[in-house]
Amino acid sequence: MAPGLDGRRALRSAPASSLLAAAKSPALVSAGLLAASRICDNLSAMEPAAGQDPYLNHWADAAAAKTLAAHADAKVVTVAAGITPSGVVHVGNFREVITVDLVARALRDRGADVRFIYSWDDFDVLRKVPADMPQRDMLNDNLRRSISAVPDPYGEHDSYAGHNIAAFEKSLAPLGIQPEFIRQSQRYRAGAYAEGIRLALKHAADIRAVLNSVRDKTTANTRLEDGWLPLSGFCDNCGRDTLAFAVQDEWTVHYDCSACKHAADVDLRQGGNLKLPWRIDWPMRWAHERVCFEPGGKDHSTAGGSFDTAKDIVRVVYGWQAPEYVGYDFVRIKGRAGKISSSKGDVVTVSDCLEIYEPEVLRWMFVSFRPNTEFQISFDLDVITLYENFDRTRRIAYGVEPAKDAQARLVAQRTMQLASVDHRRIGEGDVLPFVPGFRHLSMTLQIFEGDLDKTVAYYAEAGQINGDESRRLTRQRARCVWNWIAEWGPDEFRYQLRREPKLRELSADEATCLARLLAPLRGREEIREDELVPTMKTLCEGTGLDNKTFLPVVYDLLIGRDKGPKLTTLITAIGPARALSLLAPSLPAGT
RNA sequence: GGGCCCGUAGCUCAGUCGGUAGAGCAACGGACUUUUAAUCCGUGGGUCGUCGGUUCGAUCCCGACCGGGCUCACCA
């Protein structure tokens, strides 16, 4: 398996099956009725209570309704995400976070007091060195140590885990996602989970029974022995997880390290390097933080998976109920060139995506697809279509483009609100901030050779920028478009203005047409696009040419190709003077 | 082998508290033409995987089956 794919195992996904199971529980039945009444309720439209508002009809709203139904008495609704930074944290892992973020927003929209925690499971062991990491020898020497204790191979952060964590947290900021980050290594070492560990040890037999009930169904059939303890951890001396445990008393555990022969007694209340194994760690933290909602990748959701055993353990050992669950599917990548994958790895990070996708568009993708739907993130020509679809949804939300019906507009508005960075709701009378289309920007950017200031100024001078937000968005998109052109744009999409004019011999007809084209440009400092349109319509009248046969001549003189961006826009953008300088030299004298 | 999810127009996906279904793209037709897979208008296209059951009525509920995916030691 490619190293990039290895990260998938660290994905905390919940299975779709859990959705079904949830739908059968009593709490969910009431949630379902709620949803039903929401849709059919056109009688009490005078007082759209939360939960009946057709605006709140997104899948995140449904998840929020279920969560509230199951935790009606919770003063604070805690929602949780968690990822293991055992390698580069990629855009697939991001689905965990964005899913929680969307549900958190939906909960707040219903008036809930929400706590959004993000658990960095950085107290895990380094089992394998990902293929795209530097300093492989050093990392190999650190196998079986906690990733929070392994040095950062880049030498920038406190640890291997810290490096991966920092990169991902940084990429979340522009997306408007601001959870409360918790590093499990710090919590465990500080003794915060002492009571959780004590209870696990006290109920070791129950835990064994739960885990063995799963194992009994496998062909491997490796039952946990009676002496097995729900513990793991790292040697205080050598840092490896090669420990054997024995319980001394309620709060004290003895261990022997098989690697360095170190032995010690650990008082759980003092903290230290002991922890619970994943299948117990997860439910312990549900109870500890009183988690009401947490998604999971589909690898966690199936019967016998970690969610399955965790929901039993949390009830039996910790007296808490498993959180509401949404399972999410994988995100795939399309359009990465095969060549670079070997050197860069298959991993695509959120930062990589933000080079091409503006934050709202990236969010929008995750908002649009139901969590249990697998989808692809593209870097090829699909990017254009995606932006165009996003813009259309945006126009519908603002009422600039007619929606099929009122509900369709509400859906567009809700979608755009959830996709927005600041969660601002679009209301009646709000003015759509102008943002150039992706295709148009790709052209103007190339005219200005990637100069963002000039590009934005161009739209401002054309009178299209309508406010600070419009200006900010235009600049932001321009940056993305330019990145895309530079790295992903096909050759047909790229062009460059000639720096020196080309002299081309023209036929009589061609000279005539070119002269007509240039006439309105002479003596002008600038010209508007609509002023050129009449010229274009009559350009070839009375000659043996038409636009289709003549324009390639013009494109050749301007950009050295036989076709290119819409000519009126091109000329308008470069200005009459520059156009004349490239085109006029080929005109025969006296024309 | 056990379990779960998915299977809706050519493609990517919505949707239906059960009353024979939609979007975008693609296709086709037309208009326009100011040519980077330009734009605009319009049209066609689905027995909602198969077979049964419940129902006045199922694509939506239940069962079986087929196909695809995932999962069932440890680690997360």
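Only heavy atoms go into these numbers, but all of them, side chains included; no hydrogens, no water, no symmetry mates. Proteins get letters first, then strands, A, B, ... in listed order; numbering begins at 1 in each.
The side chain of A:Arg127 places no N or O atom within less than 4.0 Å of a non-bridging phosphate oxygen (OP1 or OP2) of B:A76. At least one side-chain nitrogen or oxygen of A:Lys275 sits closer than 4.0 Å to the OP1 or OP2 atom of B:A76. Side-chain N/O atoms of A:Asn547 include one lying less than 4.0 angstrom from OP1 or OP2 on B:U34. The side chain of A:Thr385 places no N or O atom within less than 4.0 Å of a non-bridging phosphate oxygen (OP1 or OP2) of B:A26. Of the side-chain N and O atoms in A:Arg215, none sit less than 4.0 angstrom from OP1 or OP2 of B:G2.
Distance noted for atom P between B:U43 and B:G24: 12 Å (whole Å). Between the C1' atoms of B:C48 and B:A9, the separation comes to 10 Å (whole Å). For the C1' atoms, the distance from B:U12 to B:A27 is 16 Å, rounded to whole Å. For the C1' atoms, the distance linking B:U71 with B:U16 amounts to 30 Å, nearest Å. Nucleotides B:C65 and B:G1, compared at atom P, are 11 Å apart to the nearest Å. Taking the C1' atom of each, B:U47 and B:A23 are spaced 22 Å apart, rounded to whole Å. Annotation: B:C51 and B:A58 have their C1' atoms spaced 14 Å apart (nearest Å). Using atom P as the reference point in both B:C13 and B:C70, the two lie 15 Å apart (nearest Å).
You'll find that the side chain of A:Asn372 is closest to B:C6, out of B:C6, B:U36, B:C13. Ranking B:U35, B:A76, B:G24 by closeness to the A:Tyr555 side chain, first place goes to B:U35. Side-chain proximity of A:Asp124 to the nucleotides B:G24, B:A76, B:U36 is greatest for B:A76. Checking B:C72, B:C75, B:G24 against the side-chain heavy atoms of A:Pro277 singles out B:C75 as nearest. Side-chain proximity of A:Asp121 to the nucleotides B:C13, B:U36, B:A76 is greatest for B:A76.
For A:Glu529 and A:Thr572, the side-chain atoms include no donor-acceptor pair closer than 3.5 Å. A:Arg279 and A:Ser306 form no side-chain donor-acceptor contact under 3.5 Å, judged by distance and modelled atom types alone. Side chains of A:Trp282 and A:Glu294: a donor on one and an acceptor on the other come within 3.5 Å. Side-chain contact of A:Arg187 with A:Gln184: a donor-acceptor pair under 3.5 Å is absent, judged by distance alone.
As judged by a 4.0 angstrom heavy-atom cut-off over every strand, A:Thr568 is placed among the base-contacting residues. As judged by a 4.0 angstrom heavy-atom cut-off over every strand, A:Leu567 is placed among residues making no nucleic acid contact. Residue contacts for A:Gln184: at a heavy-atom cut-off of 4.0 Å it reaches no nucleic acid atom on any strand shown. Residue contacts shown for A:Pro490 are absent, as no nucleic acid heavy atom lies under 4.0 Å away. If you check every strand for non-hydrogen atoms under 4.0 Å, A:Thr569 touches nothing. At the heavy-atom level, A:Glu388 lies nowhere under 4.0 Å from the strands shown.
With a 3.5 Å ceiling on both atom-pair distances, B:G46 lacks any Watson-Crick or G-U wobble partner. When both distances must be under 3.5 Å, the Watson-Crick or G-U wobble mate of B:A31 is B:U39. In this structure, B:G7 and B:C66 make a Watson-Crick or G-U wobble pair, each of the two defining distances being under 3.5 angstrom.
Taking atom CZ of residue A:Arg279 and atom P of nucleotide B:C75, one finds them 9 Å apart after rounding to whole Å. In this structure, the CZ atom of A:Phe307 is 16 Å from the P atom of B:C72, given to the nearest Å. One atom, CG of A:Leu211, and another, C1' of B:C74, lie 12 Å apart when rounded to the nearest Å. With rounding to whole Å, A:Lys537 atom NZ is found 10 Å from B:C32 atom P. As a whole-Å value, the separation of A:Phe493 CZ from B:A37 C1' is 8 Å. The distance between atom CG of A:Leu381 and atom P of B:A38, rounded to the nearest whole Å, is 11 Å. To the nearest angstrom, C1' of B:U36 lies 15 Å from NZ of A:Lys548. If you measure from atom CH2 of A:Trp282 to atom P of B:C75, you get 15 Å, rounded to the nearest angstrom.
The side chain to side chain contact (heavy atoms under 4.5 Å, CB included) test with A:Glu401 singles out one residue from A:Arg394, A:Arg409, A:Arg392, and that residue is A:Arg392.
The base of B:U34 sits within donor-acceptor range of the side chain of A:Lys566, with an N or O pair under 3.5 Å. Counting atom types as modelled, A:Gln446 pairs a side-chain N or O with a base atom of B:U36 as donor and acceptor under 3.5 Å.
Between A:Ala322 and A:Trp286, the shortest heavy-atom distance links the atoms CB-CZ3, 3.8 Å.
Judged by distance alone, the side chain of A:Asp61 and the main-chain N or O of A:His58 form a donor-acceptor pair under 3.5 Å.
Comment: A:Asp281 engages A:Arg285 in a salt bridge, judged by a side-chain N to carboxylate O separation of less than 4.0 angstrom.
Aromatic stacking is not marked for A:Phe375 over B:U12, as the cut-offs of 5.5 Å for the centres and 30° for the planes do not both hold.
Toward the 5′ end of RNA chain B lies the nearest nucleotide of A:Gly564, the other residue of the pair A:Val125 and A:Gly564 mapping further downstream. Between A:Met536 and A:Arg370, it is A:Arg370 whose nearest contact on RNA chain B lies nearer the 5' terminus.
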